[in-house]
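In what follows, a single structure is set out as structure tokens and then discussed.
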Number of protein chains: 2
Amino acid sequence: MAEVARESLELERPIVRRSLHDELVERLRVLITEGELEPGVKVPEKALCDRYAVSRTPMREALKVLAREGLVELVPNRGATVTRLTVADLDEVFPIMGVLEALAGELACKNIDDAGVAKIERHHAQMAQCYEQRDLKGYFSSNQEIHEAISAAAGNPTLTGMQSALAGRIRRARYLANMSDARWEEAVAEHEAMLKALRERDGTRLGAILRTHLENKCATVKDAIGRDRSTA
Amino acid sequence: MAEVARESLELERPIVRRSLHDELVERLRVLITEGELEPGVKVPEKALCDRYAVSRTPMREALKVLAREGLVELVPNRGATVTRLTVADLDEVFPIMGVLEALAGELACKNIDDAGVAKIERHHAQMAQCYEQRDLKGYFSSNQEIHEAISAAAGNPTLTGMQSALAGRIRRARYLANMSDARWEEAVAEHEAMLKALRERDGTRLGAILRTHLENKCATVKDAIGRDRSTA
DNA sequence: ATACTGAATTTTGAATTCAAAATGCAAACG
DNA sequence: CGTTTGCATTTTGAATTCAAAATTCAGTAT
């Protein structure tokens with residue numbers, strides 16, 4: 001009978017059909033953060049429509065969303081431009097990132113299990129190795145994974161979402177090429193302290209470390225931007 | 001000569017012509033926070049288009065933006081529904097609000113001038129008076145003005161924007177009708193402490209007070225929601 | 001009577017169309 | 001020779017149109 005068949009059917013997650021505009025939001029975000037669309041330039045709506053073979057409707061919906069994220073600026077009747085990243089922007093964004101990461105750290109200490117800590121330990125080891133080899137690219141990559149892992153461990157999707165939105169806004173500063181040896185060493189030391197606090201589940205201390213870590217990072221990035229006018 | 005005329009022209013702020021979709025975002029936000037569009041119901045796209053005499057294009061753009069703000073949920077091919085506000089949501093949002101307000105408080109202490117403090121003192125007096133008269137509506141109103149004034153004094157538009165987005169998300173809980181006398185008294189005491197810290201420009205203390213203030217508020221709101229199933 | 005089937009209707013996503021605004025450009029004027 | 005003015009072109013905002021998907025509902029079979 002029908003009953004049996006119905007109960008034997010497992011509940012699978014529904015096939016995710018994404019809307020065009022959702023897809024576009026992601027694609028455009030990449031274009032901007034990767035630097036293909038440079039700060040200050042007008043977003044070529046028509047050209048992008050051709051490129052992705054979509055009409056202007058979903059493209060414009062995507063631009064509205066990106067505007068809200070702060071990646072582009074929408075001037076009525078004059079289209080979209082990629083927002084410039086100024087030093088003032090960094091001074092606005094980094095302190096916020098700081099308190100959000102601190103909160104994430106606190107929550108992570110409350111919720112994380114040993115397996116979670118172990119995972120972060122592995123990322124940390126990876127990062128330390130990159131530091132030894134002066135592999136800046138690899139260092140940044142595992143560094144990001146650590147911060148994302150902490151955020152995930154906090155178990156607060158809203159928080160994680162806000163963090164990634166802010167991170168996206170400043171990622172464009174391709175400061176990757178710029179980090180003094182002294183600062184780099186300091187950053188690694190800060191990460192050691194983080195890991196220790198996390199092992200001990202000391203949320204307050206981890207939060208404080210993360211916040212100053214971000215403050216220092218802000219100074220570093222501002223410094224890099226000051227030298228490289230192309231991002232401003 | 002032309003020079004003279006040109007220099008005599010003052011630089012005025014440009015006439016703001018808002019796009020339809022921008023206007024709609026605000027209107028819809030009000031509909032949702034004021035409760036005309038109740039949590040859980042499907043957003044009647046067609047009806048709203050008729051109501052505001054616009055076509056579906058700007059309406060859908062507005063819904064995309066609201067979805068990103070978390071006020072509506074967009075399911076592909078199934079339209080928009082007003083997001084329900086669950087206790088879990090509050091547990092996510094309030095801690096974030098807490099650290100953002102704390103940061104705003106810290107920054108405000110750094111930047112605010114005496115006139116700014118005086119303005120907040122006035123709101124505070126107003127609020128205290130409402131408390132004496134047990135005027136809950138008025139109390140909430142001046143309460144909100146105080147928090148907004150602190151945020152404004154922080155001088156960080158990004159921060160203020162994030163705060164108002166989060167506030168909008170939880171404002172719908174019309175917990176206005178629910179606040180125990182004991183909690184109310186406590187809240188007023190917390191506000192007294194805030195004002196004192198602000199007068200003394202003690203950012204760290206103000207931040208800490210704001211954060212616990214929000215934590216307490218969260219407990220109160222959760223309590224109210226627990227009783228009133230219509231919001232959940 | 002109840003549960004399934006399938007066609008009609010409605011709703012949604014996206015392309016196209018249309019009007020208004022901005023931009024570019026060249027001719028006219030000082 | 002440099003400005004300014006008016007026109008043509010392009011770009012933008014919004015309405016309309018069209019196709020695909022979901023929903024509704026009547027009819028059928030069990």
Side-chain angles (χ1 to χ4, degrees), chain A residues 1-9 12-28 31 37 40-68 71-83, chain B residues 1-9 12-28 31 37 40-68 71-83:
Chain A
M1 51 165 114
E3 284 295 310
V4 179
R6 180 172 295 163
E7 292 194 13
S8 73
L9 284 174
E12 299 187 28
R13 72 187 150 90
I15 300 155
V16 284
R17 285 176 312 168
R18 318 195 45 200
S19 60
L20 264 185
H21 113 272
D22 245 14
E23 192 75 34
L24 282 174
V25 167
E26 273 190 27
R27 303 271 195 135
L28 294 183
L31 284 191
L37 282 176
V41 306
K42 238 169 82 81
V43 177
E45 194 178 291
K46 183 73 167 45
L48 286 173
C49 287
D50 293 347
R51 172 162 172 179
Y52 293 114
V54 299
S55 77
R56 283 178 55 225
T57 307
M59 178 63 70
R60 301 181 81 258
E61 287 173 347
L63 288 173
K64 297 269 185 315
V65 170
L66 290 175
R68 183 133 286 265
L71 285 179
V72 304
E73 206 165 352
L74 241 40
V75 183
N77 296 323
R78 220 162 300 186
T81 54
V82 180
T83 49
Chain B
M1 50 165 122
E3 283 296 312
V4 179
R6 180 172 294 163
E7 292 196 12
S8 73
L9 284 175
E12 298 186 29
R13 72 188 152 91
I15 301 155
V16 284
R17 284 176 312 167
R18 318 196 46 205
S19 59
L20 264 186
H21 114 271
D22 244 16
E23 192 76 34
L24 282 174
V25 167
E26 273 189 26
R27 303 270 195 139
L28 295 183
L31 284 191
L37 282 176
V41 306
K42 239 171 82 80
V43 177
E45 194 178 291
K46 184 74 167 42
L48 286 173
C49 287
D50 294 346
R51 171 161 173 180
Y52 294 113
V54 298
S55 77
R56 283 177 55 224
T57 306
M59 179 63 70
R60 301 181 83 258
E61 287 173 347
L63 287 174
K64 297 266 184 318
V65 170
L66 290 176
R68 187 131 295 251
L71 286 180
V72 304
E73 205 165 350
L74 243 39
V75 183
N77 296 321
R78 221 163 297 186
T81 54
V82 180
T83 49

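Residue numbering restarts at 1 for every chain, and letters A, B, ... go by the order of the sequence lines.
Here the shortest heavy-atom pairing between A:Cys49 and A:Ser55 reads SG-O, 3.7 Å. The minimum heavy-atom distance linking B:Val43 with B:Leu63 is given by the pair CG1-CD2, 4.1 Å. Summarising the geometry of B:His21 relative to B:Pro58, their closest heavy-atom pair is CB-O, 3.8 Å, with the distance given to 0.1 Å.
Atom-to-atom, CD of A:Glu23 to P of C:dG13 comes out at 16 Å; the value is rounded to the nearest Å. Atom-to-atom, NZ of B:Lys42 to P of D:dT23 comes out at 8 Å; the value is rounded to the nearest Å. For the pair B:Glu45 CD and C:dA14 P, the interatomic distance rounds to 12 Å; values are reported in whole Å. Rounded to whole Å, atom P of C:dA14 lies 9 Å from atom NE2 of A:His21. Across the protein-nucleic acid pair, A:Leu74 atom CG and D:dT12 atom P stand 10 Å apart, rounded to whole Å.
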CA sep, side-chain torsions, deciding dist, call: B:Arg60, B:Lys64, side-chain contact (heavy atoms from CB on, under 4.5 Å):
CA-CA 6 Å; B:Arg60 301 181 83 258; B:Lys64 297 266 184 318; 4.0 Å; yes
Steps toward side-chain contact (heavy atoms from CB on, under 4.5 Å) verdict (B:Arg18, B:Glu26)
CA-CA 11 Å; B:Arg18 318 196 46 205; B:Glu26 273 189 26; 3.4 Å; yes
Take A:Leu28 and A:Met59 through the side-chain contact (heavy atoms from CB on, under 4.5 Å) test and state the conclusion after the steps.
CA-CA 9 Å; A:Leu28 294 183; A:Met59 178 63 70; 3.9 Å; yes
In sequence, state the C-alpha distance, the side-chain angles, and the governing distance for A:Leu66 and A:Glu73, and then conclude on side-chain contact (heavy atoms from CB on, under 4.5 Å).
CA-CA 8 Å; A:Leu66 290 175; A:Glu73 206 165 352; over 6 Å; no
Please encode protein proximity along nucleotides 15-25 of chain C as a string of B, S and -, counting only heavy-atom distances under 4.0 Å.
BBB---SSS--
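Remark: nothing in residues 59-66 of chain A comes within less than 4.0 Å of DNA chain C through any heavy atom.
Side chain of B:Thr81 to backbone of B:Gly40: no donor-acceptor contact under 3.5 angstrom is found.
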